[in-house]
Q: 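I have a structure here, written as C-alpha cells, and I will follow up with some questions on it.
Residue numbers run from 1 in the order of the sequence given. In listed order, ligands and their atoms are each counted from 1. Because the structure is a prediction, the values reported are computed rather than measured.
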Amino acid sequence: MTDTNVRALPLAASPAAEPAVPLDLTVVIPTFNEAGNVAPLLAKLEAALGGLSWEAVFVDDDSPDHTSDRVREIARVDRRVRIVQRVGRRGLSSAVVEGVLSSAAPVIAVIDGDMQHDETVLVKLHEAVAHGGADVAIGTRYTEGGSTGEWDKSRELMSRFATWLSHKLLGSDVKDPMSGFFAVRREVFMEALPNLSMVGFKILLDMIASVDRNLKIAEIPYTFRNRVHGESKLDSKVTQEFGALLLEKLFGHIIPIRFLMFAAVGGLGLVVHLSTLGVLTNVFRVDFKISQTVAVITAMSFNYVLNNSFTYRDMRLRGAKFVRGLISFYLVCSIGAVGNIGVGDYIYNLHYRWWLAGIAGVAVGVVWNYAASSLVTWKRK
Ligand code: GDD
Ligand code: MN
C-alpha cells in the first residue's frame, strides 16, 4: 500500500467525519438498571467536562430495565456516547475493565451511573493524572471537605471497617480504597491488567494491589450524593465480595479462591450426604444401596446449586442451561467418585493407613471435580 492509499482511507476522507480533535478522556460508566439516570447523568457530564474532549462509555450488563437501549437512543445522535452491552455476565469490576479496553483515550475515569459521584470533580481527577504526575486520582469521601452524604450508620461503619482492613492487608494508606470514582492513565491501567482478579466491585483496590510498585496517588475530596432513581445493587453483596477480593489478593497466587470455595462447598456436601444417608437408613429403614444412591444425588444436587450461586456466581447458569449444567455436573462428579475410590484403594494397598488413603482419595476427587466442572459445567465463553 502506498502513502496516498493510506491517506485516502474512507473515514478520513468522509465529509461527515468530525474535526480531528484528539480524545482527552474516556469516562467509563458501569450500569445495571440505571435507565432513569442515563440522560440526566450525560447532561451533567456535558456541563462538567466542557473544556475537555471526552467520550462516555456505558458498560451495561443487559439490564432488565433496558438501560442499554436508553444509551443507544442517545448514542445515535451523540457520537461521544457509546454502549458496551454484556450478556450473560455480571460484575462491576469486569464491566469497568471492558469499558477501559474499548477506549482509546490516554486517561480513563470511572464513575457510577447513578449520579452519586460528583461529576464536577472529574476535571480535577483528569488534571491530576494527565498533567499532575499522579498515576491514579481518586475521588475520596473521607478527606476534609469530602463526606459520605446521608449514609446510614451500619453502612458507614462497614465501609470504615473495610477501609481499615484493606490498609492492614494491602499495606496501602489510600483514604478511600473502596471508591468507585477515579481516573487513571491508560499505561498504568495496562500495567495492572494482567494481575487483576476482577472479583466483585472493588476495581480500584484491585488495580492498586495489582501493580508491583508504589503508585503515585492523588486524592480529591467530594460529597457522596443520595440516589434519586433506581436502587443500590451493592448493599447486600458488599461484605461477601469484598472478603473474596481480599482473600484472592492475599492467597490467590497460591490457591485460586474459586477452588477454596469449591472445596468448602464439597465439605458441606459431605455433611448433606451423611445426614441423608443416616436419616434414610436409621429412621426410615431404607435399604443401604438405595439410601446411598439417594444421598449421592442429594449431595451432588446440593453442591451444584451452591456452586452455581456462589462459587460461580459470575457465570450463574439459569433456565435450560441450569439443567444442562446439572447433568454435566452429575457426570463430572461420578467420574470424580470413581477416581476417589480408585486412588484411595491404591494408597490403602501401599500403606494400610485408612485415613491417608481417605484423604488422598478425597483430594484427587475434589481437584478432578473442580478442574472438570470448570471445563464442562461453568465454562468460560
Ligand atoms: N455493569 C455493571 N454490572 N454495573 C453494575 C453492576 C454489575 O453487576 N452492579 C452495579 N453496577 C453499577 C450500578 O448501576 C452503578 O452505576 C454503579 O455500578 C455502582 O453501583 P451502586 O449499586 O449504585 O453502588 P453503591 O452506591 O451501593 O456503592 C458505592 O459505594 C461503593 C463503596 O462502598 C459505589 O460508589 C461503589 O463504586 C463503591 O465501591
Ligand atoms: Mn450508587
Q: Do any nitrogen or oxygen atoms of E34 lie less than 3.5 angstrom from nitrogen or oxygen atoms of ligand 1?
A: yes

Q: R227 heavy atoms, cut-off 4.0 Å: which ligand 1 atoms fall inside?
A: 21 (P), 22 (O), 23 (O)

Q: For R86 and D61, what are the C-alpha separation, side-chain angles and deciding distance, and is it a salt bridge (Lys or Arg N to Asp or Glu O under 4.0 Å)?
A: CA-CA 5 Å; R86 309 197 305 168; D61 287 352; 2.7 Å; yes

Q: Assess R90 against F32: is NZ or CZ under 6.0 Å from the centre of the six-membered ring, and within 45 degrees of the ring's axis?
A: yes

Q: Is D78 paired with R80 through a side-chain N to carboxylate O contact shorter than 4.0 Å?
A: yes

Q: Any ion pair linking R213 and E191 (charged N to carboxylate O, less than 4.0 Å)?
A: yes

Q: Just jot down the ligand 1 atoms closer than 4.0 angstrom to any heavy atom of K202, in number order.
A: 32 (C), 33 (O), 39 (O)

Q: Can an N or O of Q116 be found at a distance shorter than 3.5 Å from an N or O of ligand 1?
A: yes

Q: Under 4.0 Å from a heavy atom of G91: give me the atoms of ligand 1 that qualify, with their elements.
A: 3 (N), 7 (C), 8 (O)

Q: Record the part of R86 in heavy-atom contact with ligand 1 below 4.0 Å; permitted values are side chain, backbone, both and neither.
A: neither

Q: Of all residues at least two apart in sequence or in a different chain, which pass the salt bridge (charged side-chain N to carboxylate O under 4.0 Å, His left out) check with R70?
A: E73

Q: Give the contacting part of A95 toward ligand 1: side chain, backbone, both or neither, where contact means a heavy-atom distance below 4.0 Å.
A: side chain

Q: What are the protein N/O/S atoms, named by residue and atom, that sit under 2.8 Å from the Mn ion (ligand 2)?
A: D114 OD2, Q116 OE1

Q: Under 4.0 angstrom from ligand 1, any heavy atom of H117?
A: yes

Q: Starting from V294 and following side-chain heavy-atom contacts under 4.5 Å between hydrophobic residues (I, L, V, M, F, W, Y), which residues can be reached?
A: V279, L280, V283, F284, V286, I290

Q: Between the side chains of S68 and D60, does any donor sit under 3.5 Å from an acceptor?
A: yes

Q: Using the salt bridge (Lys or Arg N to Asp or Glu O under 4.0 Å) rule, collect all pairs that involve residues 101-121, keeping only residues at least two apart or in two chains.
A: D114-R227, D118-R225, E119-R225

Q: Quick one: closest heavy-atom pair of V123 and A48, and the distance?
A: CG2-O, 3.3 Å

Q: Could you tell me whether V59 approaches ligand 1 through its side chain, its backbone, both or neither, with non-hydrogen atoms closer than 4.0 Å?
A: backbone

Q: Considering the heavy atoms of M178, write down every atom of ligand 1 situated less than 4.0 Å from one of them.
A: 32 (C), 38 (C), 39 (O)

Q: Does R141 have a heavy atom less than 4.0 Å from any atom of ligand 1?
A: yes

Q: Does the distance from a Lys or Arg side-chain N to an Asp or Glu carboxylate O, for E219 and K175, drop under 4.0 Å?
A: yes

Q: How long is the straight-line distance from CG of N340 back to CD1 of I335, given to the nearest 0.5 Å?
A: 13.5 Å

Q: N/O of E231 under 3.5 Å from N/O of ligand 1, yes or no?
A: no

Q: For D212, is the CG atom crowded, meaning more than 12 foreign heavy atoms sit under 6.0 Å from it?
A: no

